[in-house]
Visitor: 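Pasting a structure below so you can have a look.
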Amino acid sequence: MDPVTLRTTRFVLSPPRADDVDAVYAACQDTELQRFTTVPVPYERDHAEGFVLELAPQWWRDDIEYVFGIRPAEDAPLIGVVSWQRERGFIGYWLATEHRGNGVMTESVRAVIQWIFSHDEIALVKWECHAGNRGSAVVAQRAGFRWRGEGECAVVDRDGTHPWGWLGELRRHEFGTVQARSEWPVLQ
């Protein structure tokens, strides 16, 4: 698929570009991000270069995963990422530490989900995170995902195991609604 750019009220979501390497590298130094994602540890500059310059463009071309960099403006630095693994149906995201807590990710995830559901054949988007990742759970709940419980994550962690995780899904007809926080036992 040809790369797509999405716009929200406050953000531009577009494929990562060469000048995003430094921002990706810096964000992935955060121990909290490392704890709850599958990024390599230690995270080296070569990892950021490979992700930005090789993997993300290849995934777009091969219709495997669509990676969107989040920016406050077209020419602004990348502050986070939302991606959708088309074949597996999972959405994932991370945000640089200094931008958390301001609704950035919820707004961005909603925009990507709206784009996903614009494809007629897509009726379900899945979400999972490492158990304990309350920030990810808050975003998923606010974006409309329904709590589906706990279990092994589908994604393989950096050590080759399937970590214990929190699971959710969002069906097309549920998009635009939010499940009560009380239905999300991890948020109480």
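Only a predicted model underlies this, so the values are computations on that prediction, with no experimental measurement involved. Values below: all heavy atoms of this structure, side chains included; hydrogens, waters and symmetry mates excluded.
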Visitor: Working to the nearest 0.5 Å, report the span between CG of Asn133 and CZ of Phe36.
Guide: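 Nearest 0.5 Å value for the CG-CZ distance: 4.5 Å.
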Visitor: Under the side-chain contact (heavy atoms from CB on, under 4.5 Å) rule, what do Leu6 and Phe68 come out as? Steps first, then yes or no, please.
Guide: CA-CA 9 Å; Leu6 307 174; Phe68 294 91; 3.7 Å; yes
Visitor: What is the minimum heavy-atom distance between Tyr43 and Gln34, and which atoms define it?
Guide: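 Where Tyr43 meets Gln34 most closely, the heavy atoms are CB-NE2, 4.2 Å.
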Visitor: How many angstroms lie between CD1 in Ile122 and CD1 in Ile113, if you round to the nearest 0.5 Å?
Guide: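 It comes to 13.0 Å.
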Visitor: How close do Trp94 and Ala27 get, heavy atom to heavy atom, and via which atoms?
Guide: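 It is CZ3-CB, 3.3 Å.
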Visitor: Give a yes or no on whether a salt bridge exists between Arg172 and Glu121, defined as a side-chain N under 4.0 angstrom from a carboxylate O.
Guide: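 Glu121 and Arg172: not salt-bridged.
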Visitor: Let's go through Glu107 and Arg10 carefully: what are the C-alpha distance in whole Å and the side-chain angles of both, what is the deciding distance for side-chain contact (heavy atoms from CB on, under 4.5 Å) to 0.1 Å, and is it a yes or a no?
Guide: CA-CA 8 Å; Glu107 184 175 329; Arg10 300 183 297 161; 2.7 Å; yes
Visitor: Carefully, step by step, assess Glu183 and Arg146 under the rule side-chain contact (heavy atoms from CB on, under 4.5 Å).
Guide: CA-CA 8 Å; Glu183 299 295 319; Arg146 288 353 193 218; over 6 Å; no
Visitor: Taking 4.0 angstrom as the limit, do Glu169 and Arg148 come out as a salt bridge?
Guide: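 Arg148 and Glu169: salt-bridged.
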Visitor: Apply side chain to side chain contact (heavy atoms under 4.5 Å, CB included) to Pro72 and list each qualifying residue two or more places apart in sequence or on a separate chain.
Guide: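 Side chain to side chain contact (heavy atoms under 4.5 Å, CB included) list for Pro72, sorted by chain: Ala76, Ile79.
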Visitor: Name the residue from Thr8, Thr5, Val67, Val109 that meets the side chain to side chain contact (heavy atoms under 4.5 Å, CB included) definition with Leu13.
Guide: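 In the set Thr8, Thr5, Val67, Val109, the residue that makes a side chain to side chain contact (heavy atoms under 4.5 Å, CB included) with Leu13 is Thr8.
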Visitor: Is a side-chain donor-acceptor pair under 3.5 Å present for Trp127 with Ser136?
Guide: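 Their side chains do contain a donor-acceptor pair, which is all the 3.5 Å distance test asks for.
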Visitor: With rounding to the nearest 0.5 angstrom, report the CD to CG distance, Glu152 to Leu167.
Guide: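 Here the interatomic distance stands at 10.0 Å.
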Visitor: Identify, with sequence neighbours excluded, every residue that meets side-chain hydrogen bond (donor to acceptor under 3.5 Å, both in side chains) alongside Asp46.
Guide: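 Per chain and number, Asp46 pairs via side-chain hydrogen bond (donor to acceptor under 3.5 Å, both in side chains) with no residue.
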Visitor: Test of understanding: with side chain to side chain contact (heavy atoms under 4.5 Å, CB included), list the residues that count as partners of Arg61, not counting sequence neighbours.
Guide: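 Applying side chain to side chain contact (heavy atoms under 4.5 Å, CB included) to Arg61 gives Pro57, Gln58.
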Visitor: Suppose the criterion is side chain to side chain donor-acceptor pair (under 3.5 Å): which pairs have a residue in residues 11-22, not counting sequence neighbours?
Guide: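 Of all non-adjacent pairs touching residues 11-22, those that pass side chain to side chain donor-acceptor pair (under 3.5 Å) are Ser14-Arg71, Arg17-Asp19, Asp20-Arg71, Asp22-Arg45.
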Visitor: Can you tell me which residue among Val82, Val138, Val81 is in a side chain to side chain contact (heavy atoms under 4.5 Å, CB included) with Met105?
Guide: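 Exactly one candidate clears the test, Val82.
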Visitor: Should the pair Tyr66 and Trp115 be assigned to parallel (<30°), tilted (30 to 60°) or perpendicular (>60°) ring geometry?
Guide: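 Plane angle over 60°, so perpendicular.
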Visitor: Can you tell me how far CZ of Arg86 sits from CE of Met1, rounded to the nearest 0.5 angstrom?
Guide: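 Separation between the atoms: 6.0 Å.
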Visitor: Return the minimal non-hydrogen interatomic distance between Ala140 and Tyr93, and the atom names on each side.
Guide: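 Smallest interatomic distance, heavy atoms only, reads N-OH, 3.5 Å.
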Visitor: Could you give the distance from CD1 (Ile91) to OG (Ser108), rounded to the nearest 0.5 Å?
Guide: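 With rounding to 0.5 Å, CD1 (Ile91) is 10.0 Å from OG (Ser108).
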Visitor: Identify all side-chain donor-acceptor contacts of residues 97-104 below 3.5 Å with residues at least two apart in sequence or on another chain.
Guide:
from   : atom 1 : to    : atom 2 : distance (Å)
Thr97  : OG1    : Asp30 : OD2    : 3.4
Arg100 : NE     : Leu95 : O      : 2.8
Arg100 : NH1    : Asp30 : OD2    : 3.2
Arg100 : NH2    : Asp30 : OD2    : 2.9
Arg100 : NH2    : Leu95 : O      : 2.8

Visitor: How many angstroms lie between CD in Gln141 and CG in Leu170, if you round to the nearest 0.5 Å?
Guide: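 CG of Leu170 is found 11.5 Å from CD of Gln141.
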Visitor: Residues two or more places apart in sequence or in another chain: which of them pass side chain to side chain contact (heavy atoms under 4.5 Å, CB included) with Glu150?
Guide: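 Glu150 satisfies side chain to side chain contact (heavy atoms under 4.5 Å, CB included) with Trp147, Trp164, Trp166 only.
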